[in-house]
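Here is the structure we will look at, set down as structure tokens.
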Amino acid sequence: MASKILILSTRENGSGRISLTHKAEGASGISRISADLSRDDLLQLVLFCEGCDLRRIYGSPAPAELTLDGLSVAYDPRQDELLLSRQVGFSEKSARVGYAAFLAEMAGVVETVIDQAETSKHGLTLKTLLKDTELPDAAVTHLTADQIAEVRHRLHEMALLMLYDRAMEKGARFAKLLRTKKFRPEAQACADDLVAALAQSLLARGD
């Protein structure tokens with residue numbers, strides 16, 4: 001690719017849009033991949049990118065793929081880049097973008113999505129549940145104290161988004177656990193289990 005322009009934007013209702021304009025080497029025209037993203041799509045994209053990034057830095061990088069409504073995002077750890085594919089009818093467009101460039105553009109999206117979760121109806125309760133949640137010793141034995149602090153912060157953010165999404169489900173039992181103090185120990189156990197599962201999954205080393 002001779003040039004690429006990646007734009008990720010968010011809207012007040014929690015939805016967003018992704019657009020990648022690129023020019024293939026040897027081609028005369030410019031191609032564009034674009035797609036509207038629902039609130040859930042944006043949340044899933046944030047979790048996907050955060051998970052891939054934690055694996056590549058602190059665990060063992062692994063191929064991963066996320067399929068949204070008409071848009072596929074695949075991470076290639078060997079090239080450290082993402083392949084974006086957009087399906088429209090019988091036509092498919094695809095292009096690659098460096099992972100670091102994608103993360104830089106995602107930074108604002110991540111901040112917005114986390115802010116929505118923190119300021120939601122259950123945001124304060126969720127943050128309280130996660131505040132003292134620790135990482136399993138077996139998952140962080142290869143990390144320094146500073147790395148553990150960074151990983152804990154990022155895993156807590158991921159868990160916040162996942163628990164927020166769970167609490168938003170209509171009729172969800174988890175939302176009931178958050179509303180009633182007598183169920184708070186059960187809600188705490190859910191938060192503890194989720195953070196432990198994320199740590200074991202994303203920080204595992206292949207060596």
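Remember, predicted model here, so these are calculated numbers, not experimental data.
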Are a donor atom and an acceptor atom from the side chains of R32 and T21 found within less than 3.5 Å of each other?
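Yes, because at least one side-chain N or O of R32 sits under 3.5 Å from a partner of the opposite role on T21.
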Side chains of N13 and S15: do they bring a donor and an acceptor to under 3.5 Å?
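Yes.
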Using modelled atom types and a 3.5 Å cut-off, is there a donor and acceptor pairing between side-chain atoms of [X] and backbone atoms of [Y]?
{"X": "S201", "Y": "A197", "result": "no"}
{"X": "H156", "Y": "E134", "result": "no"}
{"X": "E118", "Y": "D115", "result": "no"}
{"X": "Q87", "Y": "G70", "result": "no"}
{"X": "R96", "Y": "L84", "result": "no"}

Using 0.5 Å steps for rounding, measure from the [atom1] atom of [X] to the [atom2] atom of [Y].
{"X": "E157", "Y": "L198", "atom1": "CD", "atom2": "CG", "answer": "12.5 Å"}
{"X": "L160", "Y": "Y164", "atom1": "CG", "atom2": "OH", "answer": "9.5 Å"}
{"X": "K4", "Y": "L6", "atom1": "NZ", "atom2": "CG", "answer": "10.0 Å"}
{"X": "D76", "Y": "E65", "atom1": "CG", "atom2": "CD", "answer": "11.5 Å"}
{"X": "S34", "Y": "K93", "atom1": "OG", "atom2": "NZ", "answer": "7.5 Å"}
{"X": "L177", "Y": "Q188", "atom1": "CG", "atom2": "CD", "answer": "11.5 Å"}

For S85, the side-chain contact (heavy atoms from CB on, under 4.5 Å) test, sequence neighbours excluded, returns S72, L83, E92, S94
Contacts of L103 meeting side-chain contact (heavy atoms from CB on, under 4.5 Å) (sequence neighbours excluded), chain-then-number -> C49, D53, R56, Y99
Would D41 and R17 count as a salt bridge (Lys or Arg N to Asp or Glu O under 4.0 Å) if you check the C-alpha gap in whole Å, the side-chain angles of each, and the deciding distance to 0.1 Å?
CA-CA 10 Å; D41 287 341; R17 184 171 179 79; over 6 Å; no
On a heavy-atom basis, which atom in [X] and which in [Y] lie closest, and how many Å separate them?
{"X": "A159", "Y": "L130", "value": "CB-CD2, 3.7 Å"}
{"X": "A95", "Y": "I33", "value": "N-CD1, 3.6 Å"}
{"X": "T133", "Y": "A191", "value": "CG2-O, 4.2 Å"}
{"X": "Q44", "Y": "D165", "value": "NE2-OD2, 4.4 Å"}
{"X": "C190", "Y": "R166", "value": "CB-NH1, 4.2 Å"}
{"X": "E105", "Y": "L8", "value": "OE2-N, 3.0 Å"}

With side-chain contact (heavy atoms from CB on, under 4.5 Å) as the test, would you mind laying out the steps for R184 and L129 before giving the verdict?
CA-CA 9 Å; R184 194 59 54 82; L129 292 177; 3.7 Å; yes
Charged tip of R173 within 45° of F183 ring normal and under 6.0 Å
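Yes, cation above the ring, under 6.0 Å and within 45°.
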Let's go through V46 and I114 carefully: what are the C-alpha distance in whole Å and the side-chain angles of both, what is the deciding distance for side-chain contact (heavy atoms from CB on, under 4.5 Å) to 0.1 Å, and is it a yes or a no?
CA-CA 9 Å; V46 168; I114 290 175; 5.6 Å; no
May I ask you to test the [X]-[Y] pair for a side-chain heavy-atom distance under 4.5 Å?
{"X": "P136", "Y": "Q200", "result": "yes"}
{"X": "L43", "Y": "F48", "result": "no"}
{"X": "L20", "Y": "R86", "result": "no"}
{"X": "I18", "Y": "L37", "result": "yes"}
{"X": "Q147", "Y": "E150", "result": "no"}
{"X": "L202", "Y": "Y58", "result": "no"}
{"X": "L66", "Y": "L47", "result": "no"}

Y75 with I57, same ILVMFWY side-chain cluster at under 4.5 Å:
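They do share one cluster, since a chain of ILVMFWY contacts under 4.5 Å joins Y75 to I57.
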Checking E50 now: which residues fulfil side-chain hydrogen bond (donor to acceptor under 3.5 Å, both in side chains) with it, not counting sequence neighbours?
R154
Any ion pair linking D36 and R11 (charged N to carboxylate O, less than 4.0 Å)?
yes
Criterion side-chain contact (heavy atoms from CB on, under 4.5 Å) on V151 and L135, from CA distance to verdict:
CA-CA 9 Å; V151 168; L135 309 183; 3.9 Å; yes
